[in-house]
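Only this structure's heavy atoms are used, side chains among them; waters, hydrogens and symmetry mates stay out. Quick note on labels: first sequence line is chain A, next is B, and so on, each numbered from 1.
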There are 2 protein chains.
Amino acid sequence: MPKMSNIEQSTEEKIKEAARKVFMRKGFSATRTRDIAEEAGINLALLNYYFRSKKKLFDEIMQEKFKKLFGVIVPILNDTATSLETKVELVASGYIQVLLENPDLPIFIFNEIRKEDSSIVQNIKFDKIIVNSSFMNQLKERRNDVNPIQFLISILGMTIFPFIAKPMMLFSGMTNEETFTVLMHERKELIPIWAKAMLESK
Amino acid sequence: MPKMSNIEQSTEEKIKEAARKVFMRKGFSATRTRDIAEEAGINLALLNYYFRSKKKLFDEIMQEKFKKLFGVIVPILNDTATSLETKVELVASGYIQVLLENPDLPIFIFNEIRKEDSSIVQNIKFDKIIVNSSFMNQLKERRNDVNPIQFLISILGMTIFPFIAKPMMLFSGMTNEETFTVLMHERKELIPIWAKAMLESK
DNA sequence: GTCTATAAGGGGATAGAC
DNA sequence: GTCTATCCCCTTATAGAC
């Protein structure tokens, strides 16, 4: 065990921190273990000493990020004590906050999962938590004429999509970093209003 | 020039067709030129004979796909002859149709653009067509209390996001291929209804 | 135009000294 | 635990025969 102070991270944590950064930016395939080692300020051999292989290191980061993306939403959608409206508010505000701090998270996850060889996903137990959630039941009660999945996708889309489109929005000059952040804070309030309107539509 | 019949594609087109398939599925970095050659049923050397390098081939495909993604939307949003409601209908139905035929398109584009070295984007002239479009003006007139970008992102998000989330939805058992298609056809009508409700909200 | 063979280099992983 | 040096396969790209 290396010495640990309040200031310094352990070598293992330095490598993980660097791996988070590089993997998130470039994805699995485009990332070189040498990039991670350099970013961590350590030698390439140490990476293999601690994590055995690039893939094993990646899987750990992926697990982490996956939990981060779904950890926000699952407890909110499953809480039988809150109303439909409250859930939407909590999802919008909670998610947007997390994504402002981790803007690459959604596109990273959705892209890596798309690849057929994505053994990452195999390891993750996907209960049907969301489909059977309190939120879905409440949607069914409120509007039995529309498949509740349609509402779910729309609310998640309104919340998450801006972060997926962000790089293109920046490049196209549609926004800049500061404006984007302001827009996202505004959305915390807009999405609940719009969701309400959608639920009452027609 | 190779002989061309009605049935056979030229070698160049066979390579491009294979490249579309493999690049779209795996992205630039995870794709090996050998995969493309094999998929095309030709020799690896021919790929370089026709396209000089993996990167040049990729750039051609990227250009194509980029145009496909924006070609649908730009003419619709810029048509001064149509109403706001009509534009939403056309975007929803047109986009969903294209995406049902090319479900990987959005995640491919958004992911490749995210990478900083994405020289692809440099080559593409990003006029501020969308920001200055007829659609944006109509939004401003209708609701001067909300930034029109907020509506734009929401409508695009409701349309495009399901396709980005599709692999995860399939894996989680939330839907299967057939149900997904049905849901997307339903959305062609739902999105205009919801957009109307959002525009009238509060 | 199309092939086989091979050059040239990149990148993951390990051996072995300290 | 950490380093340097190195192995070795894989991948892109080209040379050169047909």
Side-chain angles (χ1 to χ4, degrees), chain A residues 1-63 112 115-120, chain B residues 1-63 112 115-120:
Chain A
M1 286 279 278
K3 70 170 196 294
M4 290 273 295
S5 74
N6 294 340
I7 299 163
E8 276 189 42
Q9 299 168 294
S10 69
T11 301
E12 184 168 349
E13 189 47 44
K14 273 196 291 186
I15 297 171
K16 278 186 112 169
E17 191 58 40
R20 282 184 200 103
K21 195 168 166 183
V22 183
F23 277 139
M24 288 285 284
R25 195 168 62 232
K26 308 171 67 149
F28 177 76
S29 303
T31 294
R32 299 176 311 152
T33 50
R34 284 171 166 76
D35 296 335
I36 297 174
E38 190 183 356
E39 177 74 36
I42 54 99
N43 188 276
L44 175 57
L46 270 183
L47 189 151
N48 288 84
Y49 174 77
Y50 279 101
F51 296 95
R52 297 286 309 242
S53 76
K54 177 185 177 184
K55 186 65 168 47
K56 284 204 168 56
L57 174 55
F58 179 79
D59 284 350
E60 288 201 28
I61 305 298
M62 186 67 175
Q63 287 275 351
E112 293 293 342
K115 306 182 184 171
E116 69 272 20
D117 59 331
S118 176
S119 65
I120 304 100
Chain B
M1 286 280 278
K3 71 169 196 294
M4 289 274 295
S5 74
N6 294 340
I7 300 163
E8 277 189 41
Q9 299 167 293
S10 68
T11 300
E12 183 168 350
E13 190 47 44
K14 274 196 290 185
I15 296 171
K16 278 185 111 169
E17 191 57 40
R20 281 182 201 104
K21 196 167 164 183
V22 183
F23 277 139
M24 288 285 285
R25 196 168 63 231
K26 307 172 65 150
F28 176 77
S29 303
T31 294
R32 299 174 311 153
T33 49
R34 280 172 166 77
D35 297 334
I36 296 174
E38 190 184 356
E39 176 75 35
I42 53 100
N43 189 277
L44 175 57
L46 271 183
L47 189 151
N48 288 83
Y49 174 78
Y50 280 103
F51 296 97
R52 295 285 310 245
S53 75
K54 176 185 175 183
K55 187 64 170 46
K56 285 207 167 55
L57 174 55
F58 179 78
D59 284 351
E60 287 201 28
I61 306 299
M62 185 68 176
Q63 287 275 350
E112 294 293 341
K115 306 182 184 172
E116 68 273 21
D117 58 331
S118 175
S119 64
I120 303 102

Counting side-chain heavy atoms from C-beta on, which of [options] comes nearest to [X]?
| X | options | value |
| --- | --- | --- |
| Y49(B) | dG1(C), dA13(C), dC3(C) | dG1(C) |
| K54(B) | dA13(C), dA13(D), dC3(C) | dA13(D) |
| A45(A) | dC3(D), dC3(C), dG11(C) | dC3(D) |
| L44(A) | dC3(D), dG12(C), dT2(D) | dG12(C) |

According to a strict under-4.0 Å criterion, is T11(A) in side-chain N/O contact with OP1 or OP2 of dT2(D)?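 Yes.
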
Does OP1 or OP2 of dG12(C) have a side-chain N or O of N48(A) closer than 4.0 Å?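 No, N48(A) has no side-chain N/O under 4.0 Å of OP1/OP2 on dG12(C).
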
Distance in angstrom units between [X] [atom1] and [N] [atom2], rounded:
| X | N | atom1 | atom2 | result |
| --- | --- | --- | --- | --- |
| N43(A) | dT6(D) | CG | C1' | 13 Å |
| K55(B) | dT11(D) | NZ | P | 20 Å |
| L46(B) | dT2(C) | CG | P | 5 Å |
| K56(A) | dA13(C) | NZ | P | 9 Å |
| I15(A) | dA13(C) | CD1 | P | 13 Å |
| Q9(A) | dG1(D) | CD | P | 16 Å |

Assess whether a salt bridge exists between E39(B) and R20(B), defined as any Lys/Arg side-chain N lying under 4.0 Å from an Asp/Glu carboxylate O.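 Salt bridge flag = no for R20(B) with E39(B).
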
Could one point to a donor on the side chain of R34(A) or the base of dG12(C) with an acceptor on the other under 3.5 Å away?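 Answer is yes: a donor-acceptor pair is held.
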
Checking all strands, does S29(B) fall into the base, sugar-phosphate, or nothing category for heavy-atom contacts under 4.0 angstrom?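 Nothing: the residue S29(B), judged by heavy atoms under 4.0 Å, touches no strand.
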
Would you confirm whether K54(A), through its side chain, and T31(A), through its main-chain N or O, come within 3.5 Å as a donor-acceptor pair?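 At least one qualifying donor-acceptor pair exists.
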
Is it the case that the side chain of E12(A) and the backbone of Y50(A) share a donor-acceptor pair, with hydrogens and angles ignored and the cut-off at 3.5 Å?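 Not a single qualifying donor-acceptor pair exists.
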
Taking the side chain as every heavy atom from C-beta outward, state whether S29(A) and K26(B) have any atom pair closer than 4.5 Å.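 Of all side-chain heavy-atom pairs linking K26(B) with S29(A), none is under 4.5 Å.
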
